[in-house]
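What follows is a short report on a single structure.
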Amino acid sequence: MAPRTPCSAAVSSRHSDARSAPAGTYDLASKNFVAESVTEDPDEFADFCRAFAMSVRPGGPLVASFMENMPTYRIGVALAGLPGGPRDRAPGLRPDTERLRGTRIDADPTLPDYGDTGMVLMRAVRTRQSLPTGRGTAP
């Protein structure tokens with residue numbers, strides 16, 4: 001059996017505001033439970049999602065998870081909440097992705113009740129050619 005060789009692929013990560021991520025820079029992107037706890041404004045939420053999708057090279061995969069119907073809540077400090085389910089989350093990703101799929105998971109009754117109704121898990125691929133979109137643009 002041949003000895004294993006280390007993987008030569010470089011991995012990097014960046015912690016920043018999604019809106020400052022350079023377009024088409026990353027091979028893949030993962031966003032978990034962030035955007036719906038940053039704003040209560042649906043348009044600002046859509047801007048975050050678009051920047052997230054655009055940060056991936058065309059054809060690259062994206063995965064995202066959101067709390068479903070999360071109201072404003074408090075864990076030490078007050079955090080924003082943007083209630084909504086799969087249909088409310090998809091428009092932020094739809095203009096710049098293809099093969100968008102979503103799954104929802106019921107809330108776990110053994111965990112503290114923050115008012116959410118579960119989780120929304122989404123996956124997609126960045127479109128090969130994204131069309132110009134902006135606030136108020138219908139998907």
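On a predicted model such as this, the values are computed, not experimentally measured, just so you know.
Counting heavy atoms from C-beta outward, E68 and D116 have side chains that stay 4.5 Å or more apart. In this structure, S65 and L121 have side chains that are in contact, with non-hydrogen atoms separated by less than 4.5 Å.
Annotation: side chain to side chain donor-acceptor pair (under 3.5 Å) contacts of D106 (sequence neighbours excluded): R104. With sequence neighbours excluded, the residues satisfying side chain to side chain donor-acceptor pair (under 3.5 Å) with S30 are N32.
For the residue pair L62 and F52, the shortest heavy atom distance occurs at CD2-CE2, 3.5 Å. Of all heavy-atom pairs spanning C49 and K31, the tightest one is SG-NZ, 4.4 Å.
Both L100 and V56 are assigned to one and the same hydrophobic cluster, defined by single-linkage of ILVMFWY side chains at heavy-atom distances under 4.5 Å. Taken together through direct or relayed side-chain contacts under 4.5 Å among Ile, Leu, Val, Met, Phe, Trp and Tyr, I105 and M67 form part of one hydrophobic cluster.
Between the CZ atom in R123 and the OG1 atom in T97 there is a gap of 12.0 Å [rounded to 0.5 Å]. Here the CE atom belonging to M54 is positioned 10.5 Å from the OG1 atom belonging to T25, to the nearest 0.5 angstrom.
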